[in-house]
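Here is the structure we will look at, set down as structure tokens.
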Amino acid sequence: MGNKDGSGHSVTSKSRPRSVSRRNFLKLSGGAAAGLWLATVVDLPKLVAADGKTTAAQVAEIPVIWLAAGSCTGCSVSFLNTRNPRVQEVIVPEVVPGTHVSLRFHATIMAGEGEKAMEALHDTVAAGGFLLVAEGGFSTKDSGVYCVIGEDESGTGITALTHLKEAGAKAMAVISLGTCSAYGGVPAAEPNPTGIEMVTDIFEQEGITTPVINIPGCPPHPDWFVGTIVQILTRGLDSVEVDEHKRPKTYYGAKIHDNCPRRGYFDRGKFALIPSDPYCLYELGCKGPVTSSDCPIRLWNSGTNWCIGCGHPCIGCVEPGFPDEVGAVFERASGMKSSGLHDVVELVGLGLGAAAVAGIGAHLVGSAAAGRLKKGGE
């Protein structure tokens, strides 16, 4: 982030956050890792042991440029609410080699403005070796004129699309944060008037080969982003294993349906008629069977609750087809609308109990005959 001298290291808070020593950062990373990775993929507590065995060379500082294009800024807000570690412990005001992310540019939260802020952006791009975070939808129609970040020396606005191409080509990697950046999301929904395209498609068209990691979600959980950053810091970029949609498998490796606390009701064919019912929300449009994330285990708002825990169906916001292909909130996912049981079983997974299949079948037949929902399996 830019500050008064243009160095790019400042925060918006009036009070100055404390600096974090390398040793404290390692302790913090080790403590956070147990919660972030659930000890399933990366054994960070051992890697960044608090006894100081990890050297400064093993934990590299990474300059970061954050481009916020067409969005609601919800992804930034989610990140700022990270609790373990706190945001000021990830981004500290003093550059302490080997301890943290150095956020050089973020138009929404940085203290710097005008020429100094743009200098921080351009200088970081010119130096290379930085991580680019892309938030929001990037407009491509009419050369991307619908979203502008800063001006050039002549006073002409520079489009977010131009920044993405120039910075993306020189970055060590790009994190597409949020579904809008990763897959288009809500801004790309029909009729998509500004021509929003996903970052990977833009790069492919431009011949840009920089690696891209997608952290989708509307918004994404702060742990998904911070955990990925910590893994890059401590293990390197190549340690982040991604799925076919370029999402880290650590967080997007299992269907919500597999870990849902209401899964038992689904297996018994008991389905909710209204959101306040305690049964499976499949008939009310829950996208859990086709959505991959660890929301049921991780929870939101510092572990307080999550969508289904509040009685609301999963809307599938981390999926590439959100929102058009996934379907309306209180409507079955597009691929689950068939009146035949085969498609339902194939999507939800093999090995379901007979009660679940019978319950779904009764609902499909009942809905077609009576035009309304009925509870099954009771």
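- Within the 3.5 Å criterion, the main-chain N or O of V230 finds a donor-acceptor partner in the side chain of T234.
- Looking at Y183 and H245, their side chains come closer than 4.5 Å, going by heavy atoms from C-beta outward.
- Remark: D243 engages R247 in a side chain to side chain donor-acceptor pair (under 3.5 Å) (not counting sequence neighbours).
- For V145, the side-chain contact (heavy atoms from CB on, under 4.5 Å) partners two or more places apart in sequence, or in a different chain, are D142.
- Of the possible polar contacts, none joining the T162 side chain to the I158 backbone as a donor-acceptor pair under 3.5 Å is found.
- With hydrogens and angles disregarded, a donor-acceptor distance shorter than 3.5 Å links the side chain of T140 to the backbone of G195.
- Distance check: L161 CG to K141 NZ gives 14.5 Å after rounding to the nearest 0.5 Å.
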Got a list of side-chain donor-acceptor pairs under 3.5 Å for residues 163-178, not counting sequence neighbours?
{"unit_1": "H163", "atom_1": "NE2", "unit_2": "I149", "atom_2": "O", "d": "2.8"}
{"unit_1": "K165", "atom_1": "NZ", "unit_2": "E206", "atom_2": "OE2", "d": "3.2"}
{"unit_1": "S176", "atom_1": "OG", "unit_2": "S181", "atom_2": "OG", "d": "3.3"}

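- Proximity of E319 to V290: side-chain heavy atoms (C-beta onward) are nowhere separated by under 4.5 Å.
- A search for side-chain contact (heavy atoms from CB on, under 4.5 Å) contacts involving A189 returns P323, D324, not counting sequence neighbours.
- In this structure, P261 and W306 have side chains that are in contact, with non-hydrogen atoms separated by less than 4.5 Å.
- Considering Y251, W224, F79 as possible partners of I215, the one that fulfils the side chain to side chain contact (heavy atoms under 4.5 Å, CB included) test is W224.
- Rounding to the nearest 0.5 Å gives a distance of 12.0 Å between OG1 of T124 and CG of L131.
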T73 vs S76, side chain to side chain donor-acceptor pair (under 3.5 Å): CA-CA, chis, key distance, verdict: CA-CA 5 Å; T73 319; S76 289; over 6 Å; no
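- Here C317 pairs with C218, I315, F322 under the side-chain contact (heavy atoms from CB on, under 4.5 Å) rule; sequence neighbours left out.
- When the shell of 6.0 Å around CD of Q205 is examined, it contains more than 12 heavy atoms from other residues, nucleotides or ligands.
- Partners of C147 under the side-chain contact (heavy atoms from CB on, under 4.5 Å) rule, at least two apart in sequence or in another chain, are A69, A160.
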